[in-house]
Amino acid sequence: MKNIFSVLFVSSGILLLGACNNSHSNQSATTPTLTTAESDSLKFTTSMVDNKRDPSCGMPLTAGIGDTVHYKGKVLGFCSKECKDEFMKDPEKNIAAADMKK
């Protein structure tokens, strides 16, 4: 831990003191971070999409939504970007598996 102190004299006679702690190694230990899985699950909720299941793999979206797409006026949720990409290759073929909300 290295502390640096500086003194600055201003022409009006005011003395300013400052300190800088150059130890940044402890900051990352105290700063909470989200893992990718946690941040993805917080990005989208089931109330934001019009389907109950991932149209590509059939997984229930209550397990987590990793990506979305707008298709024919609906917002479809997917468990992952890969499943969304697979859906986009042939949307009409996969749309029935989406189990749309009523």
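Values below: every heavy atom of this structure, side chains too, minus hydrogens, waters and symmetry copies.
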Between CG of Asn94 and NZ of Lys89, what distance do you get to the nearest 0.5 Å? 10.5 Å
Side-chain heavy atoms under 4.5 angstrom apart, residues restricted to Ile, Leu, Val, Met, Phe, Trp, Tyr: same cluster for Val69 and Ile95? yes
Audit row: Lys72, Glu92, side-chain contact (heavy atoms from CB on, under 4.5 Å) steps and yes/no: CA-CA 11 Å; Lys72 290 191 173 182; Glu92 288 301 315; 2.7 Å; yes
For the CE atom of Met100 and the CG atom of Leu76, what is their distance to the nearest 0.5 Å? 5.0 Å
Between Ile65 and Asp54, is there a side-chain heavy-atom distance shorter than 4.5 Å? no
When you measure from the side chain of Asn51 to the backbone N and O of Gly77, does any donor-acceptor pair fall under 3.5 Å? yes
Kindly determine whether Glu86 and Lys81 satisfy salt bridge (Lys or Arg N to Asp or Glu O under 4.0 Å), including the steps that lead there. CA-CA 9 Å; Glu86 187 62 31; Lys81 180 185 180 319; over 6 Å; no
With Phe78 as partner, the option from Lys84, Arg53, Met59 fulfilling side-chain contact (heavy atoms from CB on, under 4.5 Å) is Lys84
How long is the span from the OG atom in Ser47 to the NZ atom in Lys101, to the nearest 0.5 Å? 6.5 Å
Quick one: pull up CG in Leu61 and SG in Cys79 and give me the separation to the nearest 0.5 Å. 8.0 Å
I'd like to know if Lys74 pairs up with Asp50 as an ion pair, taking the criterion as any Lys NZ or Arg NE/NH1/NH2 lying under 4.0 Å from an Asp or Glu carboxylate oxygen. no
Tightest non-hydrogen contact, residues Ala97 and Pro55, listed as CB-O, 3.5 Å
Parallel, tilted or perpendicular, judged at 30° and 60°: which one describes the rings of Tyr71 and Phe87? perpendicular
